[in-house]
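Okay, structure first, notes after.
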There are 2 protein chains.
Amino acid sequence: MEFNIGDVARMASVSKATVSAVINNRPGVAPQTRENVLRVIKKLNYRPNQVARSLSVRATKSIGLVIKEIDNPHFARVIKGVFSASSRHGYTVILGSSEHSPEKENMSVETLTNQRVDGLIVSPLQASHSDFGYLAQLIARNYPLVTLGEVKNYATNVVDINNEAAAHEAVSYLISRGHQKIAYLSGPAFSAHRLRGYQLALIDHSLPIETKFILDAGPYFENGYTKGKQLFTSSYIPSAVFCYNDLVAIGLVHALQELGFKVPDDVAVIGFDDIDFCQFARIPLTTIHVPAYEIGEKAADLLMRQITNRGNGMVEKNLLDAYLVKRESA
Amino acid sequence: MEFNIGDVARMASVSKATVSAVINNRPGVAPQTRENVLRVIKKLNYRPNQVARSLSVRATKSIGLVIKEIDNPHFARVIKGVFSASSRHGYTVILGSSEHSPEKENMSVETLTNQRVDGLIVSPLQASHSDFGYLAQLIARNYPLVTLGEVKNYATNVVDINNEAAAHEAVSYLISRGHQKIAYLSGPAFSAHRLRGYQLALIDHSLPIETKFILDAGPYFENGYTKGKQLFTSSYIPSAVFCYNDLVAIGLVHALQELGFKVPDDVAVIGFDDIDFCQFARIPLTTIHVPAYEIGEKAADLLMRQITNRGNGMVEKNLLDAYLVKRESA
DNA sequence: TTGAAAGCGCTAACAA
DNA sequence: TTGTTAGCGCTTTCAA
């Protein structure tokens, strides 16, 4: 019931090489023969075994994609972009998710490379305790790789936005609206670049950087909600907060409303990502728009190029535009 | 730089068979030998080639997952569930997305089976014009398969909720609140089971089924928004609408607000899925809660069982609980 | 406890 | 234009 190339060859009275040639429609097969082989293939409903092919050609036509959270619409769009570009090139994508655990990130990469994916796209955790041991390996072996964000000390191909500039823009906007006490609800491990943009904006406007206003939250609704409750029931309260991402911002707004604060009058809130929901949120969210789908697409395209010209050693940085979208929360 | 089992064998002065035994830690290897081999493996940083192994054992330790839309939080949760269960069993997941195109669904399945995934989870399109040609094949070949929803005329393993009952509950609730003119904004191809639940609820309460109130929308925000505008600017208007999913419902609420209708006073809205965002929506959405993560998990677990006891021929139906969550939109 | 050898299903020289 | 043959990197009898 499960036929192989030999069966087809036999039935068509040709050699396996010939069958192989028609399958991969290589030239140099007599029309007659080709047709005949095709007929047999159809009759047998023969499907070439990709894994055998992969072993032989040492390429799997698949790539690995490792993200941080599947259940964040931002990443859903990234996936969709990767997916669409990969399909166009005939590549399959194997998904991995680190769920913010450096160990899982490492494991995912390990698993995927063992599966011999032709290349890897990873959205690296920026956790300081993550050693990125695998990265050195991959780079040394010249493994086709693109990271969705720079990784300190490693020269990788990257597709990203300028997080620092975007954060700077958001905070500067807040300042221009008269805010002086601005907090930052950070993502995991303070999400360095956005934090830096926040700090620089304050500095540029001669505002103090107050450590009490920099809170390590996390990437989810709950984190924004919890940290929000915490911050706004304390004795020292900001008039605006810039958030690591939209989920956190939405969670925060929720907390704020429960505490009786008006957004944006009592406190202004800015998010990051511009997921679709922003416009449907209770208070339409002012946020940084990041072209997630395009990031995914570009990353996959870049990876395809790496796969085909493996080894030129050149590394490519691709920064896409992100910008502030003003809605009602700030 | 890229070593194989032969290299290890040579370096350790043993046979490939022995190396293979220690890799898969099979018993019957002298501790001495094992240790030695392990040392060489470490030294060489040897990684077994999974594709070679797959070819040999005729199993890839990977499954395929074909969903309808990646950018719907509902599916994100399903994926997460599948993912988590699969990882537990050491399986990798290759993602496919039909994007509501029967052709893509077919192609995805084809690609995945060619890649020789050990099993398949698919969220089948219910489009009437979709012939599901691949299903017959798969079933005939006894291919491990679970579908996230029943497929007419095919006996597959399924994990799902009782869509009809859930829709019935939602609509009955609306009726119990005094609504008599209730519309249904359906998903693609009217999403048969939910439509049926809607109709039965009307019938059970002796309410007429009005074709004008059954609109074929689609699965996205825009669909709900557009159809909402259309419906509520027409001359015959319902006082409540039951929606195919939360995205549609949220889009609809948006349209309603733009048109000056108050939700739920002027018109009540009920969604489906209970994605996280429902509670943060402008009008917290009343909806049917569906345990998406669990669906994913169960599906993967069931698939694993199918993979290990392939061929007992028995088919399993697994219906999880879904229930109405009352919030503020109805 | 270990090793030799055949085989998984394909591709790719090379020869015919 | 076609066929023969030798791999690709593993696993798995079977014999030693």
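Within every chain, numbering begins at 1; the chains are lettered A, B, ... in the order of the sequence lines, protein sequences first and strands thereafter. These figures come from a predicted structure and were not determined experimentally.
- Contact check on B/Lys80 versus B/Glu297 returns no salt bridge, with no Lys/Arg side-chain nitrogen under 4.0 Å from an Asp/Glu carboxylate oxygen.
- In the displayed structure, A/Lys298 atom NZ is contacted under 6.0 Å by at most 12 heavy atoms of other residues, nucleotides or ligands.
- Counting non-hydrogen atoms of other residues, nucleotides and ligands closer than 6.0 Å to CD of B/Glu35 gives a total of 12 or fewer.
- The 12-atom threshold is exceeded at NZ of B/Lys61, counting heavy atoms of other residues, nucleotides or ligands nearer than 6.0 Å.
- Fit an axis to the five pairs at each end of the helix from C/dT1-D/dA16 to C/dA16-D/dT1 and the two axes sit 40° apart, to the nearest 10 degrees.
- Salt-bridge annotation for A/Glu2 and B/Arg116: present, with a side-chain N of the basic residue lying under 4.0 Å from a carboxylate O of the acidic one.
- Between B/Thr33 and C/dT1, a side-chain N or O to OP1/OP2 separation shorter than 4.0 Å is absent.
- In this structure, A/Asp7 contributes its side chain and A/Asn4 its backbone to a donor-acceptor pair below 3.5 Å.
- Dashed line: the shortest gap from a side-chain N or O of B/Ser15 to OP1 or OP2 of C/dT2 is not under 4.0 Å.
- Partners of A/Arg34 by salt bridge (charged side-chain N to carboxylate O under 4.0 Å, His left out), not counting sequence neighbours: none found.
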- Spell out protein contact along nucleotides 9-16 of chain C as letters: B when the base is contacted, S when just the sugar-phosphate is, - when no protein heavy atom is under 4.0 Å; keep the 5' to 3' order. BBSB----
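- Salt bridge A/Glu99/A/Lys68: absent, no basic N to carboxylate O contact under 4.0 Å.
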